[in-house]
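Have a look at the structure below, then the notes.
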Amino acid sequence: MERTFIKDLPQKIGETVQLKGWLQTLRDQKSMQFLILRDNTGLAQVAHWKKGNPELAELISGIGTESALTLTGKVVENEIVKLGGIEIQLETLTVENNAELPLPFEPFAETLPDMDYRQDWRYLDLRRERNRLIFEVQTTLEHAMREYFVKHGFIEMHSPKIMGTPSEGGAEVFHIDYFERDAFLAQSPQFFKQMAQAAGFEKVFEIGPVFRADPSFTSRHMTEFTGVDFEISWIDSHEDVMAFCENWLAYAYTAVKEKHGEQIKETFDVEIEVPQTPFPRLTMSEAYAILKEMDYKLPPEKKGDLDPGAERALGEYVKNTYSNDFVFVTDWPATVRAFYHMRHADQPLLTKSFDLIGKGLELTTGAQREHRYEVLKAQAIEKGLGTELLQGYFDYFRYGCPPHGGLGLGLNRLLMVMLNLPSIRDAVYLFRGPNRLEP
RNA sequence: GGGGGCGUGGUGUAGCGGUUUAACAUGCGGCCCUGUCAAGGCCGAGAUCGCGGGUUCAAAUCCCGUCGCUCCCGCCA
């Protein structure tokens, strides 16, 4: 018999159907048993008259909530039933996998254990519709992003995550044993996507894992997360990168709104709004002027930079002023940016770079890259980086590398912002942090 | 790496110096119940109050240390 989904039961009145799902609740009474079955499309009541099949009744009495069941029964209309006025008169039942009792926690209880404990039993936590929705949204979001890239002639790349030298020379890389030598986990595909520019690919993107050995204990950091990176050639400035970015995000938001807008509203009480393009742009100096006006005081050591509080303040400002959740902050001082960010020809202390802030959270860093061999090398030296380790990277710029730029975006952070999730642990299938390697 | 908060039955909480043989909810077990539906009723099991030390006549309750979790800052996406 073919499987019927619970949402389709109203079309099956009078028929015998097969349902597959989990036991949400068992109400075991003297003469009747009621099983509430859950599949990914809804809940249905299954009724069993004990005297009609005492053996089956005994079997049912022994199954635990959350067990995986296959059952068959006749679909009947019954006004008394509060669950849609429909019930299944049970005929056969197979316990595919019984759930031991008691459960580590009840996924559908009103009060839930804290996040850390739920991580231990993540698969139970993920049975909640709310959590499945997050990953359905992620699927749509990622698919739309990829679709937009492909429509615009991008090549999708999969760069190595194991590297012989740290990708950006930073300290926060993971070391791993690699046969007789040391290796590192990629902090970003930055150098590889730039190599693709030298290769003449012109437009590339990559969606893949990135690793950061930061001992960060916040609601928005992970040691492994999904990075969405792209890089494009023959640009005139970082403006070209921002322009692509905002249209790309608006496209992705549109796809999510169309497919999940209603359910997101119901579940998270969040109205998905496709952001207005172009996004507001603030230069760093404009941002500082606004912060001053808002009376937000940056710590003195943050000179030329923004701290998370300043990002939240700017997020609030653009929401109030432009009704936009997004804002590009541009033209950051070279002192706080990576050596490979290109600087303005007429203002050598400022980079042609930007951050994208969404609802006050840093989502993206991007820039036009420095593609001139000598300038790039000089900037690395100026930052005090060892040029020997970077020589392989510098070599990308020796034989005809076009001007280019791009960005990296945290997919999980975008999900967080999109759905107003309180923690990045909600926006990732399995969290990886300084103290979390399981499951 | 720095700072704050929290750690009580399986889970979520209450209690915050003596009236606590540690309470409540939920879950679990048993019994009862003309079809329940956030089911209901009765009974029961389950906690040396994270761990170690100290103060005190008396500590879940105060102090110190330690571990764990969590949030903020740093770092970033």
Side-chain angles (χ1 to χ4, degrees), chain A residues 24-36 43-51 61-62 64-66 76 78-87 89 99-121 124-125 168 170-173 187-190 209-229 298-299 301-302 305-312 336-338 355-358 361-366 407-417 422-425 427-428 433-436:
Chain A
Q24 179 101 356
T25 305
L26 172 64
R27 286 192 272 273
D28 197 350
Q29 301 190 111
K30 190 173 191 179
S31 61
M32 294 292 298
Q33 290 168 320
F34 298 96
L35 301 86
I36 308 301
L43 296 170
Q45 172 163 298
V46 179
H48 181 237
W49 182 53
K50 284 171 142 180
K51 281 181 185 160
S61 293
T65 50
E66 291 305 314
V76 298
N78 187 343
E79 285 175 3
I80 299 165
V81 179
K82 293 185 180 173
L83 214 52
I86 287 177
E87 78 178 359
Q89 293 174 341
E100 295 172 37
L101 290 177
L103 295 160
F105 73 97
E106 298 91 53
F108 297 91
E110 281 177 33
T111 56
L112 292 166
D114 64 41
M115 175 72 75
D116 190 57
Y117 183 83
R118 279 183 284 138
Q119 294 282 343
D120 292 339
W121 297 98
L124 289 178
D125 199 30
E168 294 182 33
E172 64 287 350
V173 283
Q187 296 162 284
S188 86
Q190 183 59 36
V210 296
F211 304 91
R212 305 283 165 92
D214 298 316
S216 295
F217 299 91
T218 74
S219 56
R220 59 184 187 282
H221 286 88
M222 302 190 278
T223 50
E224 176 180 349
F225 62 92
T226 302
V228 184
D229 275 81
L298 273 153
E301 70 273 13
K302 283 261 132 188
D305 207 347
L306 296 176
D307 68 2
E311 286 165 357
R312 286 190 287 269
V336 299
R337 296 304 243 191
D355 272 13
L356 175 65
I357 294 169
L361 181 68
E362 187 175 333
L363 293 177
T364 280
T365 296
L407 61 76
L409 173 142
L411 181 65
N412 314 94
R413 282 197 178 176
L414 180 60
L415 264 179
M416 230 179 128
V417 164
S423 169
I424 204 155
R425 292 160 172 84
V428 66
N435 297 322
R436 174 60 73 172

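Computed from a predicted model, the values in this text were never measured in an experiment. The sequence lines fix the lettering, A, B, ..., with proteins before strands; numbering per chain opens at 1.
Look at CG on A:D28: it is 12 Å from P on B:G35, rounded to the nearest Å. Taking atom CD of A:E87 as the reference point, atom P of B:A39 lies 16 Å away to the nearest angstrom. The nearest whole Å value for the distance from the CD atom in A:E311 to the P atom in B:C75 is 10 Å. A straight line from OH of A:Y117 to C1' of B:U26 spans 14 Å, rounded to a whole angstrom. B:U36 atom P lies 7 Å from atom CD of A:Q29, rounded to whole Å. A:L26 has its CG atom 14 Å from the C1' atom of B:G29, to the nearest Å. One atom, CG of A:L83, and another, C1' of B:C37, lie 8 Å apart when rounded to the nearest Å. One can place CG of A:L361 at 10 Å from P of B:C72, the figure rounded to the nearest angstrom.
Remark: ring of A:F225 stacked against base of B:A77; centroid gap under 5.5 Å, plane tilt under 30°. For B:U11, the base is not stacked against the aromatic ring of A:F105, per a cut-off of 5.5 Å between centres and 30° between planes.
Residue A:P104 is classed as a sugar-phosphate contact, given heavy-atom separations below 4.0 Å to backbone atoms only. Using a 4.0 Å heavy-atom criterion, one finds that A:V228 contacts no nucleic acid atom at all. A:R312 comes within 4.0 angstrom of the backbone, heavy atoms only, and of no base.
Distance noted for atom C1' between B:G68 and B:U8: 15 Å (whole Å). Taking atom C1' in both B:G50 and B:U61, the straight-line distance is 16 Å, to the nearest Å. Nucleotides B:U56 and B:U26 have their C1' atoms positioned 38 Å apart, rounded to a whole Å. The same atom, P, is picked in B:C49 and in B:A60; the two are 7 Å apart, to the nearest Å. Using P as the reference atom, B:G74 and B:G2 are 16 Å apart when rounded to the nearest Å. When the C1' atom is compared between B:C69 and B:C51, the two are found 15 Å apart, to the nearest whole Å. Comparing the P positions of B:G27 and B:G40 gives a spacing of 8 Å, expressed to the nearest Å. Spacing of P atoms, B:G1 relative to B:C62, comes out at 29 Å, to the nearest Å.
Across B:C75, B:C33, B:U36, the shortest atom-to-atom separation from the side chain of A:R27 is found for B:U36. Considering only side-chain atoms of A:I80, the nucleotide from B:C75, B:G35, B:C37 that sits closest is B:C37. When each of B:C76, B:C33, B:A39 is scored by its nearest atom to the side-chain atoms of A:R413, the top-ranked nucleotide is B:C76. Minimum atom distance to the side chain of A:T365 is reached by B:A77, of the listed B:C75, B:A77, B:C28. For A:T65, whose side chain is taken as the heavy atoms from C-beta onward, the closest listed nucleotide among B:G10, B:A77, B:C28 is B:C28. With B:G74, B:A38, B:C75 as the choices, the nucleotide that has an atom nearest any side-chain atom of A:D307 turns out to be B:G74. Nearest nucleotide to the side chain of A:P113, out of B:G12, B:G74, B:G35: B:G12.
Residues A:E87 and A:V76 meet the side-chain proximity criterion, which asks for heavy atoms closer than 4.5 Å. Residues A:F225 and A:R212 have side chains in contact (heavy-atom distance under 4.5 Å, counting atoms from C-beta outward). Counting only heavy atoms from C-beta outward, the side chains of A:V417 and A:L363 approach each other to under 4.5 Å.
Counting distance only, with no hydrogens placed and no angle test, the side-chain atoms of A:Q45 and the base atoms of B:U36 include a donor-acceptor pair under 3.5 Å. With hydrogens and angles left out, the side chain of A:S31 and the base of B:G35 share no donor-acceptor pair within 3.5 Å. In this model, no side-chain donor or acceptor of A:E110 finds a partner on the base of B:A25 within 3.5 Å.
Of all heavy-atom pairs between A:S219 and A:M416, the closest is O-CE, 3.6 Å. Looking at every heavy atom in both residues, A:P434 comes nearest to A:P215 through CG-CA, 3.9 Å. Of all the heavy atoms in A:L26 and A:L35, the pair that sits closest is CD1-CG, 4.0 Å. When all heavy atoms are compared, the tightest approach of A:P308 to A:R220 is CG-NH2, 3.6 Å.
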Which donor-acceptor pairs under 3.5 Å do the side chains of residues 99-113 of chain A make with protein atoms, sequence neighbours left out?
none

Mind listing the N/O atom pairs, protein and nucleotides 67-71 of chain B, below 3.5 Å?
from	atom 1	to	atom 2	distance (Å)
B:C69	OP2	A:N435	ND2	3.4

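Annotation: the span from A:I424 atom CD1 to A:R413 atom CZ amounts to 5.5 Å, rounded to 0.5 Å.
Residue A:L101 is the one, among A:L101 and A:T223, whose nearest nucleotide of RNA chain B lies closer to the 5' end (criterion: closest heavy atom).
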task = Tell me, with the steps shown, if A:D28 and A:H48 meet side-chain contact (heavy atoms from CB on, under 4.5 Å).
result = CA-CA 10 Å; A:D28 197 350; A:H48 181 237; over 6 Å; no

message = Apply side-chain contact (heavy atoms from CB on, under 4.5 Å) to residues A:Q45 and A:K82 and explain how you reach the verdict.
response = CA-CA 9 Å; A:Q45 172 163 298; A:K82 293 185 180 173; over 6 Å; no

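Nucleotide B:U34: unpaired (no Watson-Crick or G-U wobble partner with both distances less than 3.5 Å). With both pairing distances under 3.5 Å, B:C6 is matched to B:G68 as a Watson-Crick or G-U wobble pair. Nucleotide B:G44: paired with B:C28 (Watson-Crick or G-U wobble, both distances less than 3.5 Å). Pair assignment for B:C62: B:G54, on the basis of Watson-Crick or G-U wobble contacts that are both within less than 3.5 Å. Across all strands shown, B:C73 is found opposite B:G1 as a Watson-Crick or G-U wobble partner, with both distances under 3.5 Å.
A:R212 has no side-chain polar atom (N or O) that falls below the 4.0 Å cut-off from OP1 or OP2 of B:C76.
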